[in-house]
Asks: 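Got a structure for you, written out below as structure tokens; questions coming shortly.
Just the heavy atoms: all of them, side chains too, but no hydrogens, waters or symmetry mates, feed the values below. Each ligand, and each atom within it, is numbered from 1 in the order the structure gives. One-based numbering along the sequence shown.
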Amino acid sequence: MDKPEEYTEKEIEVLEGLEAVRKRPAMYIGSTSSLGLHHLVYEAVDNSIDEALAGYCSKMVVALYSDGSVSVADDGRGIPTGIMEEYGKSAVEVVMTQLHAGGKFSGKGYKVSGGLHGVGVSVTNALSEWLEVEVKREGKVFRQRYERGDPVTELEVSGTSEETGTKVTFKPDSSIFETTELNFDTLASRLQELAFLNKGVSLTITDSRSGRSEEYHYEGGIVSFVEYLNRNRDPFHPPIYINRSKDTTEIEVAIQYNGGFNESVYAFANNINTHEGGTHLSGFRAALTRAVNDYAKGVTDHALSGEDAREGLSAIISVRLTEPQFEGQTKTKLGNSEIKGITDSIIYDALKEFFEENPSVAKKIVEKAVLASKARDAAKKARELTRRKGALEFTTLPGKLADCSERDPAKCELFIVEGDSAGGSAKQGRNRAFQAILPLRGKILNVEKARLDKILSNEEIRTLITAIGAGINDELNLEKVRYHKIIIMTDADVDGAHIRTLLLTLLFRHMKLLVEAGFVYIAQPPLYKVKKGKAEYYAFDDRELESVLEEIGRKGVGIQRYKGLGEMNPKQLWETTMDPANRTILKVTIEDAMKADDLFTLLMGEKVEPRREFIERNASLVKNLDV
Ligand code: 0RA
């Protein structure tokens, strides 16, 4: 502030059209990481979905090619090819080169526009090395090619065809993106989600790099979606389906309870997964709690909380509205305030009717909520009891915890260590200024199969909650977290992997905010020590061992395979696994909460058969389980 900033004409730059997109790509697609790269495909896909929503398209194919290009083809009406007076260009060229131009044509209906989507396929064009559009319309095939957003050919007629449709083929620009490798599974997940949300539309993905392909097509729409969510659980009634509109807002909901204890509710607005929730989700929750409580009156005098009414609930909420407002950190929170009331009243009315017409289902749902409520009361009593004894007070830390001296959570690390002997090494090896050690004895309770009261009466889990300091579930307070790095450090064997999964299940189901905040990590201890003379080398896996041996030669070499962390002395443990200067730690991320949800249900849930199948199909994933 010493000097007022001065502007001259030279510094004022007018960025026009696609040039602006190439200059500041992150403004249009969020980032130039892998996430942003995949948005290029979603933009093209969204256009075809719009055509499907308008009722003109029933099939879409996404194809990945070996040269790094990708195509999105649909059987819609084809982008109009006539000249637009206003621009002096064909409509195709306008769609491909003008920001946001897509919406101008599709007119009414619900645009898939919000958050990062909906900026238009012109953004895809701008950020591609090249793009070719092919339109089949009025008996002809039209083509045009662009490079870095600029047309390099006219819109030419290249043949004849009886069909109609649009195909866009493009190669993401490697000078813009950190990576240009498109991930089949990421794209397939999104296409499957879109197939569920848009019943009847067939979405196919093929990958000529690997030969893989999948087709998604659900006549049941979001009813199929909840059935899919519950496929490895025990649902106790057919899905409840609600589809009603008010003015220009359409609300679609599918609900199906299962015998488990978790809530799997996913909310969408105009096909966008609103990870951060919003007014449609609030409205749904309010309506459900009220409808269940209304029905419970006369059956029980328990006041049921929202959490009680959502135990074992799987549901999909899909709203379509004309002017969606997306808010929040990742622009995935629906902000339109009017939607809360609309959703609430539509769902409440529909649920009341359903409960009256289906009393046996209603009774089961209420019984389940009453059980949940009783368990919650018991858990509360247990908590109060322990609080009085001091066990859950943040001032009385568990005796097993070797805390650090630093008090700023941002600088503090908590190592959760398996077993007392490894705990001993870690305590001696650590830097006690900022590293705390919590040794856990044996396996912790599997929270996937237990209600809250049982979870909270488990000694190891209580110790962990107290050490972290933030509480759990709806009461979790991120500001009270005592460590911004919570590092799971288990042996590199089957037991270690199991304990890690148990811990991750606990964190994902009951302290999800910690995972979302990026506070949870997995330590990577070495698997081998290689000794030659006085020199020592560490290898973290078999491949690394091979390359070390390759480098130093195999003669006179001693190889030690660590069976557990306890075999390392404190100095070795510090050097290889704990010292921030040398170690590698993996951050646990929930890129796809639905996938993680599935994974924990499968790995830790009741059903044995699907678990076996899953593990057989995903042996390497389960072995490394870095969700
Ligand atoms: C506006 C009008 C019409 C078609 C489309 C847009 C359209 C755009 C895309 C983008 C990808 N696939 C698409 N399919 C259709 C047709 C207007 C008419 O025929 O009357």
Asks: Do the charged groups of R143 and E132 touch, with an N to O distance under 4.0 Å?
Replies: no

Asks: For residues 128-165, which residue pairs qualify under ring pair (Phe, Tyr, Trp, His ring centres under 6.0 Å), counting only residues two or more places apart or in two chains?
Replies: none

Asks: Does C57 approach ligand 1 within less than 4.0 angstrom via side chain, backbone, both or neither, non-hydrogen atoms only?
Replies: neither

Asks: Compare G78, G165, A52 and give the one whose heavy atom is closest to atom 4 (C) of ligand 1.
Replies: G78

Asks: Give the contacting part of D74 toward ligand 1: side chain, backbone, both or neither, where contact means a heavy-atom distance below 4.0 Å.
Replies: side chain

Asks: Going by the atom numbers of ligand 1, which of them fall below 4.0 Å from some non-hydrogen atom of R137?
Replies: 16 (C), 18 (C), 19 (O)

Asks: Is it true that a side-chain atom of N270 and a backbone atom of P324 form a donor plus acceptor pair closer than 3.5 Å?
Replies: no

Asks: Closer than 3.5 angstrom, by distance alone: can the side chain of D207 be matched with the main-chain N or O of R212 as a donor-acceptor pair?
Replies: no

Asks: I want to confirm something. Looking only at heavy atoms, which of T166, D46, I79, V92 is nearest to atom 8 (C) of ligand 1?
Replies: I79

Asks: Under the side chain to side chain donor-acceptor pair (under 3.5 Å) test, which residues partner S202, sequence neighbours left out?
Replies: E215

